[in-house]
There are 2 protein chains.
Amino acid sequence: MARPRKPMLSRERIVAAAGALVDAEGLEAVSTRRLAAELGVSGPSLYNHFRTKDAILEAVADAVSGQIDLSMFDEGDARDWRTALHDWAVSYRAALADHPRLVPVLARGPGRRPAGLRVADAVFGAMVRAGWPPAQATRIGALMRYFVTGSALSSFAQGFVDDAAAYDPREYPHLGQAHLLAEHHHRVDEGAFETGLRALIDGLALEYERQRGAAP
Amino acid sequence: MARPRKPMLSRERIVAAAGALVDAEGLEAVSTRRLAAELGVSGPSLYNHFRTKDAILEAVADAVSGQIDLSMFDEGDARDWRTALHDWAVSYRAALADHPRLVPVLARGPGRRPAGLRVADAVFGAMVRAGWPPAQATRIGALMRYFVTGSALSSFAQGFVDDAAAYDPREYPHLGQAHLLAEHHHRVDEGAFETGLRALIDGLALEYERQRGAAP
DNA sequence: ACCTGAACACCGTTCAAGT
DNA sequence: ACCTGAACACCGTTCAAGT
């Protein structure tokens, strides 16, 4: 078969297939041979389009970053920084929660990924425009990433086994209900995210007022 | 050689060697063959002591959870819930930051790991004792884990490449200084963690007062 | 330029064989 | 009980060969 007159692969097709495979079966399931089989080619063919398997995953990650809504940071948008930050975090988490198994790749940071850099640029720019000193704006970008990636990386509630016998009341006197967490993981994790996000932004607002008071 | 009269391996030796290997070279470097070689045995020998490679990593993770200070949650401790939560988060992060490459394993939750369960038990019990409703105490445990694992999983600052040319000012008008982040990553990430932790706890204190005011 | 099969140096895990 | 080598079904990546 050798070289077809019409290429069988493209970067787009590879990224789409890799994304679907990660979502369906997880990062471990993505092998070059498996991915190539899904695309109807042999393993080494992928190396005509990407330098390494990791570069494929980076491209998938950037596609996910591209789903994050940034419109709340537009110059013309009327939302104040608290509301903008909240709405952005919700969209950020939603994009990651759609592809939880990709979060370890996204957590590596933007690197040279364009969509990742656009996110960092938008939030930093908006916080500075709202009156935060640049060093604080950087910290806000960082701490929001900690919180959102942490919440999307793995379910808190699903981290507890579904088996009442696992929680010996003599060892763990307060975990008598922990075996119920897994069943309600959606509610628990959503609630914790909302509570945490609210607390984070309320706390930042306090800090903002302190700085306002101190500065001229 | 077959079976020696004195066993060559023990769970403890395997866990110690695996931990050292993860710290030195990362999770990807831990293969059963590599680990066995480090211990002077052949690969399959490990299966006499652990059912799978993953069980070895779980054991390493539990050893790290065992390093987290929980004394601030003791009944006799005089710290109020805000201070206790702060001091715990600092110790929690320090334990994880000592072994950042293990964080993806720790982020899976306690599962059946005893040290992981002790942490969950202590923080939940202390929050309830401080007056938080159980559902809120659960959320606090969850959101703290989001924030701490997110901050330990990967450096925010090191997620940006060290190359000024990567930040085209026409594409990313606010990232003119981003190439300096990697150089100061320690300061940046520490500062963001402290700012975020303070904001989180200040925000929770506001919520606590609201509940106090609303309840009888 | 873009695909192929063969090859290299790896994986996790099982299992029969040894003591 | 606890170690071994052989084996199975995999890996990521390189490379010469094909068109």
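When reading the values below, keep in mind they use all heavy atoms of this one structure, side chains included, and skip hydrogens, waters and symmetry mates. Remember, predicted model here, so these are calculated numbers, not experimental data. Within every chain, numbering begins at 1; the chains are lettered A, B, ... in the order of the sequence lines, protein sequences first and strands thereafter.
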Practice task
Taking A:Asp74 for its side chain and A:Gly76 for its backbone only, find out whether a donor-acceptor pair lies under 3.5 Å.
Solution key: no
Practice task
Work out which heavy atom in B:Ser65 is nearest to a heavy atom in B:Ala115; give both atom names and the distance.
Solution key: CB-CB, 3.8 Å
[N] [atom2] sits how many Å from [X] [atom1], rounded?
{"X": "A:Asn48", "N": "C:dC2", "atom1": "CG", "atom2": "C1'", "result": "5 Å"}
{"X": "A:Arg13", "N": "C:dC2", "atom1": "CZ", "atom2": "P", "result": "14 Å"}
{"X": "B:Met8", "N": "C:dT19", "atom1": "CE", "atom2": "P", "result": "16 Å"}
{"X": "A:Lys6", "N": "C:dA1", "atom1": "NZ", "atom2": "C1'", "result": "14 Å"}
{"X": "B:Leu39", "N": "D:dC3", "atom1": "CG", "atom2": "P", "result": "10 Å"}

Exercise for the section: For C:dA9 versus D:dA9, give the span between their P atoms, rounded off to a whole number of Å. Expected result: 22 Å
Practice task
Could you let me know what C:dT14 is paired to, Watson-Crick or G-U wobble, both distances under 3.5 Å, or none if it's on its own?
Solution key: D:dA6
Exercise for the section: Look through every strand shown and name the nucleotide pairing with D:dT19 as Watson-Crick or G-U wobble, where both distances are under 3.5 Å. Expected result: C:dA1
Exercise for the section: Just do the salt bridge (Lys or Arg N to Asp or Glu O under 4.0 Å) check on A:Arg112 and A:Glu58 with the steps written out, would you? Expected result: CA-CA 9 Å; A:Arg112 296 178 181 273; A:Glu58 289 276 319; over 6 Å; no
Problem - Beyond-backbone contact of B:Arg145 with B:Tyr92, side-chain heavy atoms, under 4.5 angstrom - result: yes
Got a list of side-chain donor-acceptor pairs under 3.5 Å for residues 118-126 of chain B, not counting sequence neighbours?
from, atom 1, to, atom 2, distance (Å)
B:Asp121, OD1, A:His174, N, 2.6
B:Asp121, OD1, A:His174, ND1, 3.4
B:Asp121, OD2, A:His174, ND1, 3.4

Handout entry: nucleotides 5-15 of chain D: protein proximity per nucleotide (B base, S sugar-phosphate only, - neither; heavy atom, under 4.0 Å)
Key = BBB---BBBBB
Exercise for the section: May I ask you to verify if any side-chain N or O of B:His49 is less than 4.0 angstrom from the OP1 or OP2 atom of D:dC3? Expected result: yes
Practice task
Report the relative orientation of the aromatic rings in B:Phe147 and B:Phe193; use parallel for angles under 30°, tilted for 30 to 60°, perpendicular for over 60°.
Solution key: parallel
